[in-house]
Structures are given as C-alpha cells and as structure tokens.
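Note on naming: letters A, B, ... go to the chains in the order of the sequence lines (proteins, then strands), and numbering restarts at 1 for each one.
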Amino acid sequence: MNIGNESIQRRENTPWNSEGTSRIPFRVYTDAELHQRELDAFFYRNHWCYVGLEAEIPNVGDFKRTAIGERSVVMSRADDGSVHVFENVCAHRGMQFCRERHGNKKEFVCPYHQWSYTLKGDLQGVPFRRGVKQDGKVNGGMPADFKTEENGLTKLRVATRGGVVFATFDHAMESFENFVGETILHYFDRMFDGRKLKILGYNRQRIPGNWKLMQENIKDPYHPGLLHTWFVTFGLWRADNKSALKMDKHFRHASMISERGNAQAANDVSKVSSFKESMKLHDPRFLDIVPETWWNGPTAVMTTLFPSVILQQQVNSVSTRHIQPRGNGEFDFVWTHFGYEDDTPEMTERRLRQSNLFGPAGFVSADDGEVIELSQKGFEQKPEHRALAELGGRDVGDTDHMVTETLIRGMYAYWRKVMQQ
Amino acid sequence: MKSAIDFETYLAITQLHAAYASAVDANDWDRWTELFVDDCIYRIQPRENYERGFPLATLSLESKGMLKDRAYGIRETLFHDPYYQRHVVSAPNIISATADRIECEANYVVIRTKLSELSTVFNVGRYVDSIVRTSEGLRLAKRICVYDSEMIPNSIIYPI
C-alpha cells in the first residue's frame, strides 16, 4: 500500500514527524545508526569534550586514560608542564597500547613492536628502523622516506581553564570560551575560579540507557522536587525555590541555578507524595551545610556542557560527571569528586559526607540511574512512539523558575539542527 | 601484632559474618544496623580509591544513626527497581586480635536477581573489618566493603 510505504520511508529518513521539540521520538534513543552519527557529530567534531582535571596529573610524566565518546584517549603532562591528549591507538598496527588507567611514565611504548612515543604523543623510536646487519648486509628496515614526525599518535587539541581539561579531535574548532558562551562560562568560572583542585576520588557506574538521558536528567528541573524525597523535604531543590534556568545561544549547554528555600514549609510543593513532613535525620551531619563565599548566593548550580560532562555544585558537594557512551543503549558515568586547596579538614569532611547524596548509591542520585534504565526499557518496547516535554510550553528560552522542560526542548532544537533531522 | 584467637572466638566471628549476610539478604535493615556498635563506620568504597588513598566512598556512614537513615532511605525515600541480593562470604582472615578487638578480612560476592531476570554478579570485593566484644557479643565497629567491581551495574541501593 502506497500510504504505508510512504510512512515507512518517512520514519527511516527522520524520526521527527512534528515541528518543534516538545515531542521527542523514542527512536533518538533506540536507533544504532543515529547513535553512530551522533558520536561523529557531537563527540568527534565541533565540540570540546571533557577529559579530566589537571589535579589528576600534577607532575611531569603523569597520565590518565579516559574516553571521548567511544574512543580511548590518554591525557598526559609533558616535560615542559604542558597538558596533552592523544588517541590510545598505536600509529603502527593500531593497538590500544595504554592499559593502566593512571600512572607516571617517561615515554609511552606499545608492547607489540615497541614503537615509543613522547609524553606529547610524538613518535620517537621505531625498532629496526635502519634494518638489521647480518653477514655484512643490512636486512629490512623502514623505507628511506619514512619520517617519524609524520607517524605520531593522533593528537587532540587541548583547552584548559580553571584546572579543567577539554580536548577535541577537530583542530579547526572555535575556542573553548566561544564554545561554552558567555552565559554558561560565568557559572563555569564560578566553580573553577583558579584555586587548585584536590581530588577526593571516583565513582564509576554503567547505566543501561541512552547517554542523552543523563544530559536531559540535568536539564530537567521538574523531577528533582518530585522523585527525590531528600531534595523536596529538606528544601535543597524544590519547585518554590528561587531559581533560574539559563542556556548558551545554541541551547546546547545549560545551567540550572537554585537557592535553598524554606525547608519543610507547607504549601503546594509539600503536597507531593515524596514530601515527608515528619522526616528527621538520626544523624544530621549529612546536611551540615556551610555556605561558601564563591557561591555568591545559589546553593546549587547544575551545569550541562554538551555532550560530555555535567558540573555539579550541590551545597558543599562538588564534582564532575563524565558521560562515556557505549552504543545507543548504555553509557559509563564517571564521577570525580574534588575540593579546593584552601579547604579546611572540616570542609573536606563536609564535602565527603554530603557526597552520600550523590553518586551510584546516593540518597538522591541513585534514583536517576534507575529511572533512566526504565525509560530506555519503555523506548525499546515501542520505538515508534514519542516522549512529551511540554511543561512550561512548547518553546525554548531562559526562565526565572523551574516549572518547565524548556532546557530539554532547547537541547533537541540544537540536536535537530546539527543532525539535520 | 598477630595473636592467636581461640576456636570459640573464630566461630563467633564466622557467625557474625553469617548473621550479617542473612540480614542484608533478607532486607532486614533493623537487624543490619544492630550488628554495629553506635560509634561505627560503614563504607562501600571502590578499590581504586582505597588503594590510591582517595577518601571518597560510594557510601560512607559514620554512626549507627547514619545506618538508620540509610535504612529509612531504602524503605521510604529511594526509588529503585526491586531486586534480591545474595551474599557469599569467605572464611575470615584474622589480621590481628587483642582481648577486645579483632581486625579481620573476608572476601565476598554479591549476586543480584531482578524480578523476571537472570541472576548476575553484582559486586565483588573484600570486607575490611574491626570487630569488638560487647555485652551482647561481637559487633562491627568498622566495615569497609572494598570492591573490585570496576563498574557498578547502575546503582547500589541496599548495603553490601
């Protein structure tokens, strides 16, 4: 039947069959081919992706293995103190040569044929390059026109700001500052204000859902005051808090800014089922919150830098959350909690205590992984259907409240433009 | 200093391990908290952080009150997909012992079973324990679950 064929063809060309982005086709989460195109368009071109913190590699020769999209990369500190990022694929036979996740080295050597590279990723040694002498003649060797300088590792362009390292495979990329844009850069600089960072540790979880769902989770101020009992009950994040939502001009990055309100006050917000009026902690040290001068007001600012990272300030707990996709239906989520060099021991303890709210076992964040997994299950069972994101209207724009899904609509407006869907 | 302990003490340690596994596998969080002294430490910590000296734990509780708050969280505030867990715990390795305090370790495997799903290995590691004698028998003053598992399969809700 003609009509049937047409509609099938339409679905194959684009998952979107409506204007705007308030209806999101499930196929953007379930389609493996779209996922490959996303990796290319968002992670490997035109975007600065998160790699790590300079504090993870403080000394010359320090390195950390991590990922951009689904490609393994190594961040290292060279002899002159500069930070470099190169792809973890040997220039010779393509082996993923770096297996340790962190450490200190003078050079990188691929174990297979011992090609060696400097801390900047330049090829420095090729065994038997000039051949092997035997019975007065030279056997083998690389061709005379082989040049080490043309056969280094794939190097990425690196940008550092406030102790955070970003990289891109795209050497024609605009500056990191332009990429983030003035509005969001303000919130980036608030958290990374030049003070040295102190690594507190890592949490790693594998979430069986599409990677975009984590970006959406932190662009969705609707759910925290409903799903997360702790947030609504203790006033950390609820719909009647003084708040603002801001985006860059492309709508890809966003900050959700909130100021802790009147905890346990009764009003519309306290009628939600997750609000527990009588809830008291046996040990209130979980919420031993001490305001810091750098906050300048907001008690929580959650920033999504598209596509690769979330920057968390929730009261005294600060972290980066790195998104590393693994196919369309799964991603690794790596949390790096940190503090600042001028933290007192009490402040470090406080950051650690409050980290109990976040991460894969967090009183708050454990829920997020669970709902993402179950959303993906819903998408998989009826991929032709769509999700709805119409709270606060169908358009996109900054707001001075959080009763809206505008940031999700914004992200997909950008997605549609880049993916030409 | 390594000191010999008598068989009765070794048996009591083994029984404490068994009681612990039984409580957490039965979702009996009140029984779980009562296996600790008031001033206790309970942590679930990645081996990476433990060995590199990073203080961050995936869950870090510093008093019986905090354990009770976790129990309340599991029952009342944390949304999660329901699951069973099943612990298999090795014989304890006694590191050192005095009259009233024993430092010991034991390996563990936790198998998770979600409803309508296969059973899978959820978390693997070792308990690093300090056990003290109380009038009610042996109790945990410290339990650090140092886990090898490089990736948490989504989330950890129940104590390990």
Select one option (side chain, backbone, both, neither) describing which atoms of [X] are under 4.5 Å from chain A's heavy atoms.
{"X": "Q45(B)", "answer": "neither"}
{"X": "R52(B)", "answer": "side chain"}
{"X": "N49(B)", "answer": "side chain"}
{"X": "I157(B)", "answer": "side chain"}
{"X": "Y158(B)", "answer": "neither"}
{"X": "Y147(B)", "answer": "side chain"}

Any idea which of [options] has the most non-hydrogen atom pairs under 4.5 angstrom with chain B?
{"options": "H337(A), H102(A), R353(A)", "result": "H102(A)"}
{"options": "I207(A), V334(A), N356(A)", "result": "N356(A)"}
{"options": "H228(A), R285(A), E373(A), Q205(A)", "result": "Q205(A)"}

Checklist entry - Hey, what's the ring geometry for Y42(B) with W32(B), parallel, tilted or perpendicular (30° and 60° as the breaks)? => result perpendicular
Item to check | Distance-only donor-acceptor check, side chains N210(A) and Q376(A), under 3.5 Å | outcome: no
Item to check | H223(A)-E405(A) side chain donor-acceptor pair, cut-off 3.5 Å | outcome: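 Distance-only check fails for H223(A) and E405(A).
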Next on the checklist: Quick check against the 3.5 Å criterion: does R195(A) have a side-chain atom that pairs as donor or acceptor with the backbone of Y340(A)?
Outcome noted: no
Checklist entry - Between Y10(B) and P92(B), is there a donor-acceptor pair closer than 3.5 Å when you use the side chain of the first and the backbone of the second? => result yes
Next on the checklist: Counting heavy-atom pairs closer than 4.5 Å to chain A, which one of P153(B), P55(B), S149(B) comes out on top?
Outcome noted: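 Result: the option with the highest number of such pairs is P55(B).
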Next on the checklist: For F79(B), run the side-chain contact (heavy atoms from CB on, under 4.5 Å) check against L374(A), D368(A), T229(A) and tell me which one passes.
Outcome noted: L374(A)
